[in-house]
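Heads up: the structure comes next, in C-alpha cells.
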Amino acid sequence: MSVSSPSSVDPTRISDLPKLVGTTATVSGWVTHLRSSGKIAFIVMRDGTGLLQCVVPKKEVSEATWEQFGALTLETSITVSGEVRTDARQVGGVEMGLKELTILGASALDYPIQPKEHGVDFLLDNRHFWLRTPRQVAIMRIRNEIEQAIHDFFYERGFLRVDTPILTAAIGERSGLFATEYFDEGNAYLAQTGQLYGEAAAAAFGKIYTFGPTFRAEKSKTRRHLTEFWMIEPEVAFNDTHANMRLQEDFVSFLVQRVLERRPAELTEVGRDVSKLEKVKAPFPRIDYGDAVAILQKKGSTVQWGDDLGAEDESLLVEDHELPVFICNYPKKAKAFYMKENPDDPRTVLCNDLLAPEGYGEMIGGSQREDDHDKLRARIIEEQLPVEAYAWYLDLRKYGTFVHSGFGLGLERTVAWICGTPHIRECIAFPRMMHRLHP
RNA sequence: GGCCGCGUAGCUCAGCUGGUAGAGCAGGUGACUGUUAAUCACCGGGUCACAGGUUCGAGUCCUGUCGCGGUCGCCA
C-alpha cells in the first residue's frame with residue numbers, strides 16, 4: 001500500500017456542488033447523456049449523489065478537450081474540472097462550465113441500458129447496470145433509510161441486536177428449505193427464520209431483534225415473493241399479544257415517518273403519492289379473525305371459519321382502510337405450532353398479521369409464543385415435527401418460562417409499499433427468485 | 001405445481017381474414033452555439049424461440065418442446 005500523498009484528499013461529490021458556486025471544482029463520475037450542437041456540447045454525468053450537467057462551448061476549451069468530448073460514450077468514467085455556477089434549469093440548481101476533461105475508463109459502445117423504456121426481464125438481466133439509474137438509486141436510498149431507522153428505533157428502546165445463524169438444522173417452519181451438506185452432521189438448511197433463536201436470546205437479554213437474510217425454497221412466482229429476503233424479528237420478554245401489536249404499529253409508523261422526513265426527494269423520484277403515507281400513524285385498526293370472516297362473507301367471499309385467508313381476501317379486508325390493518329387470532333390449524341393458544345377461544349391462537357394498504361399484502365406476521373412446556377410439546381408432536389430437534393427450544397419453557405411475543409417484518413415488502421413499486425424485486429439490489437440467480 | 005399470457009433487429013414494439021420483414025430508439029456518417037430521453041438528413045442491422053404439420057405459399061393457422069412473465073397456493 002502506498003502512503004498518503006498530498007493529493008489524496010476526499011473527492012468532491014455532485015451533491016456538494018451547491019455549496020461551491022463561484023469556485024472551480026473537480027468531480028469524478030460516469031457519463032449518462034451526451035448532446036452536442038456543433039459548437040456547444042453538454043455532458044450529463046452521475047456519481048451516485050446526483051446528476052451534473054457540464055457545458056462545453058467549443059471556443060472556451062482546448063482543441064484536445066473538444067476532441068476528447070467526441071470520444072465519450074455512455075457510462076465512460078471521467079473527471080471534470082470547471083466553474084460551478086447556478087442555473088435554474090438544472091435539477092440541482094447548478095451546472096459546470098467545463099474547462100478540463102479526463103477520461104478515466106472508456107465504455108464500450110454497446111452499453112445495454114439506454115435512456116428509454118426497457119422490459120423488466122431485460123433490466124433484471126442487466127441488474128448490475130440497472131442499479132445505476134435514478135429510480136433504482138432512489139429506491140436503494142429509501143431502503144437504506146428504512147434499515148437505519150430500524151436500528152435507531154430498537155436502539156433507542158433498549159433492544160439488543162442478535163445475529164442468529166443462517167446455517168441451521170431443520171427447525172422453524174417446514175416447507176421450502178434450501179439444503180446443503182454440512183461435514184458429518186448431515187444436511188444444514190438455510191434459515192427461514194431466526195425466531196426460535198430470538199426467543200432464547202429474549203430470555204437472556206429481555207428485548208432483542210434480529211436483522212438478516214432468510215431463505216424460502218418455495219416455488220413462488222408472485223410479485224410479493226423472493227427466495228432470499230431480509231427479515232427483522234423482534235422478540236420481547238413479558239410482552240403479551242396486545243403489547244406486541246402496539247410495538248408493531250409504533251414501529252411501522254416510525255419507519256414511514258422517517259422516510260417522509262429524510263427522503264422526500266427520493267419519494268418524488270419514485271413517484272410515490274406521499275399523502276397516503278402521511279396518514280400512517282398508530283394506532284392501526286384491529287380486526288378479529290372471526291369478524292374478518294363475517295366481513296368477507298358479507299362481501300361475497302366463500303371463506304368459512306377455519307380457512308386461512310387468501311390474497312384476495314386480504315385485499316377485500318384492506319380496501320376500506322387507509323392504514324395498515326391487523327387481523328388477529330387465527331384458527332390454530334392455519335398457523336405455526338409455536339403460537340400460544342388463545343385462553344378465550346382455544347380454537348384460535350394469539351397472533352396477528354399486519355396487512356399493508358394498497359394491496360401490498362402481509363408485511364408482518366407476529367404472535368405471542370406458547371410458553372407452556374407440555375402444550376408446546378404436544379403441538380410439536382401433533383405437527384409431526386422431530387421432537388429431539390426442538391429439545392433446546394422446549395428447555396426455554398422448562399427453565400423459567402415466560403410470557404413473550406414477537407414478529408417478523410419483511411424488509412422488501414415494506415420497502416415496496418413505502419416506495420409504491422409494483423414488484424418487490426426492485427427493492428433489493430440483486431434479487432433472488434426461482435428463475436433468477438444471475439447477476 | 002394449477003390457470004392465463006408472451007417469445008419478431010442491440011432495446012421497446014407493430015405486423016389485419018395466410019401473399020416478398022416494419023417503425024421508434026440505440027449504433028455509424030454529416031449539419032446545427034443552451035440542449036434537458038435535443039433536433040434534422042442519410043446508412044448498416046433479422047435462423048420471426050425450436051421442431052414438426054396443414055397449405056401453391058406460414059411471423060400469422062394446428063401440434064409438441066423449450067424459455068419467460070402474470071396470477072393462485074406457500075409465506076415476510
Side-chain angles (χ1 to χ4, degrees), chain A residues 32-44 51-61 66 70 73-74 87-92 95 97 108-126 129-130 133-134 172-177 191-195 210 212-233 248 307-315 330 334-336 353-356 359-366 407-417 422-425 427-428 433-436:
Chain A
T32 62
H33 300 280
L34 292 165
R35 290 182 282 270
S36 102
S37 302
K39 291 176 183 164
I40 187 167
F42 302 90
I43 303 166
V44 180
L51 290 173
L52 172 66
Q53 171 164 279
C54 303
V55 187
V56 192
K58 190 175 184 181
K59 65 181 180 185
E60 289 176 33
V61 298
W66 182 255
T73 55
L74 283 187
D87 188 300
R89 291 167 292 193
Q90 307 311 322
V91 177
E95 67 176 16
L109 285 173
D110 54 354
Y111 182 72
I113 310 264
Q114 301 161 19
K116 58 162 288 192
E117 284 202 31
H118 295 282
V120 176
D121 205 43
F122 173 82
L123 289 168
L124 281 174
D125 286 341
N126 291 283
F129 295 137
W130 189 21
T133 62
E173 299 172 30
R174 278 177 302 166
S175 58
L177 290 163
Q192 291 190 312
T193 172
Q195 179 202 313
T210 72
T214 47
F215 307 87
R216 302 281 162 88
E218 278 120 8
K219 294 184 175 177
S220 302
K221 293 198 306 178
T222 83
R223 70 179 75 176
R224 299 185 307 280
H225 288 86
L226 298 166
T227 54
E228 176 183 299
F229 64 99
W230 288 67
M231 188 152 68
I232 292 85
E233 297 181 284
Q248 289 169 52
D307 296 344
D308 201 0
L309 303 182
E312 198 182 327
D313 299 319
E314 292 181 353
S315 304
Y330 283 71
K335 288 292 176 182
D353 285 352
L354 181 65
L355 307 180
Y360 281 91
E362 190 179 335
M363 186 165 41
I364 284 179
F407 61 92
L409 173 112
L411 180 62
E412 288 77 16
R413 286 188 183 175
T414 304
V415 175
W417 165 53
H423 198 303
I424 66 171
R425 62 192 159 192
C427 296
I428 183 167
M433 296 178 292
M434 196 175 140
H435 295 295
R436 196 162 286 284

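Convention: sequence-line order gives letters A, B, ...; per-chain numbering from 1.
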Are the charged groups of A:Arg436 and A:Asp121 less than 4.0 angstrom apart, N to O? yes

Does A:Arg413 get its side chain close enough to the base of B:rC75, under 3.5 Å, for a donor-acceptor pair? yes

A:Met433 has an atom CE; how far is it from atom C1' of B:rC68, in whole Å? 11 Å

For nucleotides 11-15 of chain B, print each protein N/O atom paired with a nucleotide N/O atom at under 3.5 Å, atom names and distance only.
residue, atom, partner, partner atom, Å
B:rC11, O2', A:His118, ND1, 2.6
B:rC11, O2, A:Lys116, NZ, 2.4
B:rU12, OP1, A:Gly119, N, 3.2
B:rU12, O4', A:Lys116, NZ, 3.4

Over all strands shown, is A:Glu312 touching base, sugar-phosphate only, or nothing at heavy-atom distances under 4.0 angstrom? nothing

Below 3.5 Å, does any donor atom in the side chain of A:Ser220 face an acceptor in the base of B:rC74, or the other way round? yes

With a 4.5 Å limit on heavy-atom distance, are the side chains of A:Ile43 and A:Gln53 in contact? no

Just to be sure I understand the rule, does A:Gly310 reach a base, reach only the sugar-phosphate, or reach nothing, if contact means heavy atoms closer than 4.0 Å? sugar-phosphate

Under 4.5 Å between any side-chain heavy atoms of A:Val55 and A:Glu95, yes or no? yes

In whole angstrom, give the distance that lies between atom CG of A:Asp353 and atom P of B:rC74. 11 Å

What is the separation between atom CD on A:Glu362 and atom C1' on B:rG73, rounded to the nearest whole Å? 13 Å

Mind listing the closest non-hydrogen atom pair of A:Arg223 and A:Pro422 along with its distance? CD-O, 3.2 Å

Using the P atom as the point on both nucleotides, what is the distance between B:rG27 and B:rA49, in whole Å? 27 Å

Give none if B:rG18 has no partner; otherwise give the nucleotide forming a Watson-Crick or G-U wobble pair with it, both distances under 3.5 Å. none

Using the P atom in both, what is the distance from B:rG59 to B:rA21, to the nearest Å? 8 Å

Separation of A:His423 atom NE2 from B:rC68 atom P, in whole Å? 14 Å

Using the six-membered base ring of B:rA76, report whether A:Phe229 stacks on it, requiring centroids under 5.5 Å and planes under 30° apart. yes

Between atom CG in A:Leu226 and atom P in B:rA76, what is the gap in whole Å? 14 Å

Close side-chain approach of A:Arg413 and A:Ile364, heavy atoms under 4.5 Å: no

Test side-chain contact (heavy atoms from CB on, under 4.5 Å) on A:Trp130 and A:Leu124; report intermediate values, then the result. CA-CA 7 Å; A:Trp130 189 21; A:Leu124 281 174; 3.7 Å; yes

In whole angstroms, how far is the P atom of B:rC75 from the CZ atom of A:Arg216? 9 Å

With a 3.5 angstrom cut-off on both distances, give the Watson-Crick or G-U wobble partner of B:rU12, or none if there isn't one. B:rA23

What nucleic acid atoms does A:Arg425 come within less than 4.0 Å of, heavy atoms only: base, sugar-phosphate, or nothing? sugar-phosphate

Can you name the nearest heavy-atom pair linking A:Leu74 to A:Thr32, along with the distance? CD2-O, 3.1 Å

A:Trp230 side chain near A:Thr214 side chain, heavy-atom distance below 4.5 Å: no

Base-contact (B) and sugar-phosphate-only (S) positions in nucleotides 27-33 of chain B, heavy-atom cut-off under 4.0 Å, - elsewhere: SS---BB

Between CZ of A:Phe42 and P of B:rU36 the distance, given in whole Å, is 9 Å

Assign A:Asp121 to base, sugar-phosphate, or nothing according to its heavy-atom contacts below 4.0 angstrom with the strands shown. sugar-phosphate

Under 4.0 angstrom, heavy atoms only, what part of the nucleic acid is A:Gln53 near: base, sugar-phosphate, or nothing? base

Using a 4.0 Å heavy-atom cut-off across all strands, classify A:Asp87 as base, sugar-phosphate, or nothing. base

Which atom pair, heavy atoms only, marks the closest approach of A:Pro112 to A:Asn126? CG-OD1, 3.4 Å

In whole angstrom, give the distance that lies between atom CD1 of A:Ile424 and atom P of B:rG69. 14 Å

Out of B:rA76, B:rG1, B:rC75, whichever nucleotide has its closest atom nearest the side chain of A:Arg224: B:rC75

So do A:His118 and A:Leu123 actually touch side chain to side chain, heavy atoms under 4.5 Å? yes

Quantified in whole Å, what is the P atom distance between nucleotide B:rC66 and nucleotide B:rA51? 15 Å

Return the 5'-most residue of the pair A:Asp308, A:Met434 with respect to RNA chain B, ranking by each residue's nearest nucleotide. A:Met434

Quick one: is B:rC75 close enough that its OP1 or OP2 comes under 4.0 Å of any side-chain N or O from A:His225? no

Base paired to B:rU60 (Watson-Crick or G-U; both N/O distances under 3.5 angstrom): none

Among B:rC68, B:rU36, B:rG70, which is the nearest nucleotide to the side chain of A:Lys221? B:rG70

According to the Watson-Crick and G-U wobble definitions, with both distances under 3.5 Å, which nucleotide is paired to B:rC42? B:rG28

Any idea which of B:rA76, B:rU35, B:rG1 is nearest the A:Met231 side chain? B:rA76

Students often get this wrong, so: under 4.0 angstrom with heavy atoms, is A:Ile113 touching a base, only sugar-phosphate, or nothing? nothing

With heavy atoms under 4.0 Å as the rule, sort A:Glu95 into base, sugar-phosphate or nothing. base

Sugar-phosphate, base or nothing in reach of A:Ala41, heavy atoms under 4.0 Å: nothing

Partner nucleotide, any strand, of B:rG1 [Watson-Crick/G-U, under 3.5 Å]: B:rC72

Checking all strands, does A:Arg223 fall into the base, sugar-phosphate, or nothing category for heavy-atom contacts under 4.0 angstrom? sugar-phosphate

Does B:rC48 have a Watson-Crick or wobble mate here (both distances under 3.5 Å), and if so which one? none

Return the minimal non-hydrogen interatomic distance between A:Met363 and A:Thr414, and the atom names on each side. CG-OG1, 3.4 Å

Do the non-hydrogen side-chain atoms of A:Thr210 and A:Met231 ever get within less than 4.5 Å of each other? no

On the nucleotide B:rA38, are OP1 or OP2 found under 4.0 Å from the side-chain N or O atoms that A:His33 carries? yes

